[in-house]
Every structure is written in structure tokens, then in C-alpha cells.
**Q** 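Structure incoming, see below.
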Amino acid sequence: MKFLYCGIFFLALFYTGLAQERYLKVTSGGGVTGIATQYKISPDGKVLRGKGLGDIKYTEEGKLKKCRAKKQFKKAERILATHSDFNHPGNLYYSIILFNQGKESQITWGDSEYEVPEDAGKLYIKINKALARLTFVPDMRK
């Protein structure tokens with residue numbers, strides 16, 4: 001019986017290791033302080049929020065409806081497929097990043113000399129409106 005439990009345990013570890021993480025990041029930041037606010041959205045609707053410089057530590061957690069999160073992922077995939085080469089940050093910058101199967105696609109804007117692709121700007125606004133309605137609580141994973 002121990003052998004069966006050990007086998008199931010190692011099989012679960014094996015499949016967990018094979019699973020690729022998938023998430024969407026929405027960031028805004030810069031200015032005098034350079035501090036960025038970043039949201040990390042999972043396909044199941046889990047949202048982490050963090051602020052900082054450089055590597056962001058997520059300190060708060062919220063939840064989107066799963067169907068809404070999936071819609072945002074589909075739109076982001078479509079937009080990033082056509083505009084992934086758009087990288088024009090300014091003093092203040094905004095970005096949408098999709099991490100999928102070990103690959104990262106990103107669009108960044110903020111430089112006033114370059115006009116943000118309209119569909120990317122609309123998606124950013126739509127995601128932020130949905131995030132503004134959420135209630136965030138301290139992340140208990142620490």
C-alpha cells in the first residue's frame with residue numbers, strides 16, 4: 001500500500017513540474033519615484049497586486065470571475081500577436097504582458113511621440129476598470 005501512495009505522490013510531482021504557468025500582467029508606473037503597480041492575473045481569475053521598483057513582490061490578492069479572466073486572456077493573445085514589437089515606454093509607462101508556455105509577449109507604451117495601438121489601449125482600460133471593482137486582501141501565501 002505504501003508503494004501505491006509513493007507512486008501517486010511522485011506522479012503528482014511529475015505532472016506539476018510539467019505544467020506551464022500562464023498569466024497576464026498589467027503594469028503602470030514610472031514618474032519621479034519610478035514605482036510601478038502591477039497586477040498578475042491567472043486564467044482562473046486569481047489576481048495578485050504589488051507595488052515597487054524592479055522585481056515586484058505581490059502583497060495583495062483579489063478574484064475576478066473566471067469567464068472575465070478568460071476573455072481578457074483571449075483578447076491579450078490576439079493583440080500581442082499583432083503588436084508585440086511595440087515597445088515605447090516614456091517617463092510614465094503602461095504595459096500588458098502575457099506569459100504562456102514559457103514564452104513572454106509584451107507591449108509597452110507611454111512615450112508621447114508614439115501612439116499606442118488602439119486595441120491595446122482599450123484592453124488596458126477595460127482590464128483596469130474590472131480590477132478597480134475588486135476588493136484586495138493581504139496575500140496569505142507568505
Side-chain angles (χ1 to χ4, degrees), residues 3-142:
F3 181 74
L4 178 62
Y5 289 128
C6 288
I8 291 171
F9 174 75
F10 285 112
L11 189 61
L13 285 177
F14 176 73
Y15 280 113
T16 304
L18 288 179
Q20 291 289 329
E21 193 172 11
R22 184 172 183 234
Y23 54 84
L24 183 64
K25 286 184 181 179
V26 179
T27 307
S28 65
V32 175
T33 62
I35 293 176
T37 301
Q38 188 170 83
Y39 297 90
K40 182 177 179 181
I41 306 166
S42 299
D44 64 355
K46 181 178 176 183
V47 180
L48 299 175
R49 178 170 63 182
K51 293 182 180 184
L53 295 167
D55 192 25
I56 307 258
K57 294 189 191 274
Y58 300 102
T59 58
E60 298 173 296
E61 186 175 341
K63 184 79 172 157
L64 274 175
K65 288 184 178 178
K66 190 174 184 177
C67 62
R68 184 178 296 266
K70 285 187 175 188
K71 284 181 185 178
Q72 306 306 354
F73 269 82
K74 286 181 183 179
K75 289 178 184 177
E77 285 175 338
R78 189 177 62 248
I79 290 167
L80 289 168
T82 58
H83 301 296
S84 63
D85 59 340
F86 193 87
N87 185 20
H88 301 286
N91 183 37
L92 294 175
Y93 67 92
Y94 310 91
S95 69
I96 299 173
I97 305 165
L98 179 66
F99 187 84
N100 190 13
Q101 297 179 356
K103 296 179 184 175
E104 188 174 280
S105 303
Q106 178 174 350
I107 180 171
T108 305
W109 67 94
D111 189 341
S112 59
E113 293 185 24
Y114 298 91
E115 190 172 326
V116 63
E118 186 178 352
D119 50 355
K122 285 181 179 180
L123 176 61
Y124 182 85
I125 290 168
K126 191 170 193 170
I127 291 172
N128 273 309
K129 282 183 181 179
L131 294 173
R133 288 186 230 121
L134 297 181
T135 301
F136 286 91
V137 296
D139 186 8
M140 299 300 180
R141 297 179 301 141
K142 296 176 187 171

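Note that the numbering runs from 1 along the sequence shown for the chain. Just so you know, these numbers come straight off a predicted model, no measurement behind them.
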**Q** Over 60° means perpendicular and under 30° means parallel, so classify the ring planes of Tyr114 and Phe86, tilted if in between.
**A**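 Plane angle over 60°, so perpendicular.
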**Q** When you compare the side chain of His88 with that of Glu113, does any pair of heavy atoms fall below 4.5 Å?
**A**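 Answer no - side chains too far apart.
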**Q** Evaluate the side-chain proximity of Thr27 to Ile56: yes if any heavy-atom separation is below 4.5 Å, no if none is.
**A**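 Heavy-atom side-chain distance check fails, nothing below 4.5 Å.
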**Q** Could you give the distance from CG (Asp119) to CD1 (Ile107), rounded to the nearest 0.5 Å?
**A**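 With rounding to 0.5 Å, CG (Asp119) is 7.5 Å from CD1 (Ile107).
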**Q** What residues, two or more places apart in sequence or in another chain, satisfy salt bridge (charged side-chain N to carboxylate O under 4.0 Å, His left out) together with Glu77?
**A**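 Glu77 satisfies salt bridge (charged side-chain N to carboxylate O under 4.0 Å, His left out) with Arg22 once adjacent residues are dropped.
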**Q** With a 4.5 Å limit on heavy-atom distance, are the side chains of Pro117 and Trp109 in contact?
**A**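 No, their side chains stay 4.5 Å or more apart.
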**Q** If you compare all heavy atoms of Lys25 against all heavy atoms of Tyr58, which two are closest, and at what distance to 0.1 Å?
**A**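 It is CE-OH, 3.3 Å.
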**Q** Can you give me the closest heavy-atom contact between Leu53 and Gly34, atom names plus distance?
**A**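 What the structure gives for the nearest pair is CD2-O, 3.1 Å.
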**Q** Minimum heavy-atom separation for Gly121 and Val116, please, with both atom names.
**A**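 Smallest heavy-atom distance, with atoms named: N-CG2, 4.2 Å.
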**Q** Can you check whether Lys40's main-chain N or O pairs, donor with acceptor, with Lys46's side chain at less than 3.5 Å?
**A**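 Such a contact is absent between Lys46 side chain and Lys40 backbone.
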**Q** Does a side-chain heavy-atom distance below 4.5 Å link Val47 with Glu60?
**A**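 Sidechains of Glu60 and Val47: no contact.
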**Q** Would you say that Asn100 contacts Phe73 through its side chain, given a criterion of any heavy-atom pair below 4.5 Å between the two side chains?
**A**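 They are not in contact (no side-chain heavy atoms under 4.5 Å apart), so the answer is no.
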**Q** Could you pull out the closest heavy-atom pair between Leu64 and Ala130, with the gap in Å?
**A**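 So the two residues come closest at CD2-CB, 4.0 Å.
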**Q** Given the rule in the side-chain contact (heavy atoms from CB on, under 4.5 Å) test, do Gln72 and Lys126 qualify, once you have shown the distances and angles that lead to the verdict?
**A** CA-CA 9 Å; Gln72 306 306 354; Lys126 191 170 193 170; 4.2 Å; yes
**Q** Are Ile97 and Leu24 close enough that some pair of their side-chain heavy atoms sits under 4.5 Å apart?
**A**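 A side-chain contact under 4.5 Å is absent here.
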**Q** Could you grab the distance from atom NZ of Lys63 to atom OG of Ser42, nearest 0.5 Å is fine?
**A**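 Lys63 atom NZ to Ser42 atom OG measures 8.0 Å (nearest 0.5 Å).
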**Q** Tell me, please, which residues at least two apart from Gln106 pass side chain to side chain donor-acceptor pair (under 3.5 Å).
**A**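 Counting only residues at least two positions away or on another chain, Gln106 forms a side chain to side chain donor-acceptor pair (under 3.5 Å) with Thr108.
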**Q** Would you compute the distance between atom CD1 of Ile127 and atom CZ of Arg68 and round it to the nearest 0.5 angstrom?
**A**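 Going from CD1 on Ile127 over to CZ on Arg68, the span is 10.5 Å.
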**Q** To check you understand the geometry: which heavy-atom pair defines the closest contact between Ala69 and Pro43, and what is its length?
**A**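 Heavy-atom minimum between the residues: CB-O, 3.7 Å.
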**Q** If every non-hydrogen atom of Tyr94 is compared with every non-hydrogen atom of Ser28, which pair is closest and at what distance?
**A**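 For Tyr94 and Ser28, the tightest heavy-atom pair comes out as CD2-CB, 3.6 Å.
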**Q** With sequence neighbours left out, write down each residue that passes side-chain contact (heavy atoms from CB on, under 4.5 Å) with Lys74, or none if nothing qualifies.
**A**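 Residues passing side-chain contact (heavy atoms from CB on, under 4.5 Å) with Lys74: none at all.
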**Q** Do the non-hydrogen side-chain atoms of Arg49 and Leu131 ever get within less than 4.5 Å of each other?
**A**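 Side chain of Arg49 against side chain of Leu131, heavy atoms only: no contact under 4.5 Å found.
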**Q** Would you check, one step at a time, whether the test side-chain contact (heavy atoms from CB on, under 4.5 Å) holds for Asn87 with Tyr93?
**A** CA-CA 10 Å; Asn87 185 20; Tyr93 67 92; over 6 Å; no
**Q** Rounded to the nearest 0.5 Å, what separates atom CD1 in Ile96 from atom NZ in Lys75?
**A**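 Nearest 0.5 Å value for the CD1-NZ distance: 11.0 Å.
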**Q** Can you measure from CG (Asp111) to CG (Leu92) and round to the nearest 0.5 angstrom?
**A**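 So the CG of Asp111 and the CG of Leu92 are separated by 11.5 Å.
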**Q** Using modelled atom types only, decide if a donor and an acceptor are shared between the side chain of Thr82 and the backbone of Ile79 within a distance under 3.5 Å.
**A**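 Yes, Thr82 side chain to Ile79 backbone: donor-acceptor pair under 3.5 Å.
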**Q** Once you round to the nearest 0.5 Å, how far does NZ of Lys51 lie from OH of Tyr39?
**A**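 One gets 7.0 Å once the value is rounded to the nearest 0.5 Å.
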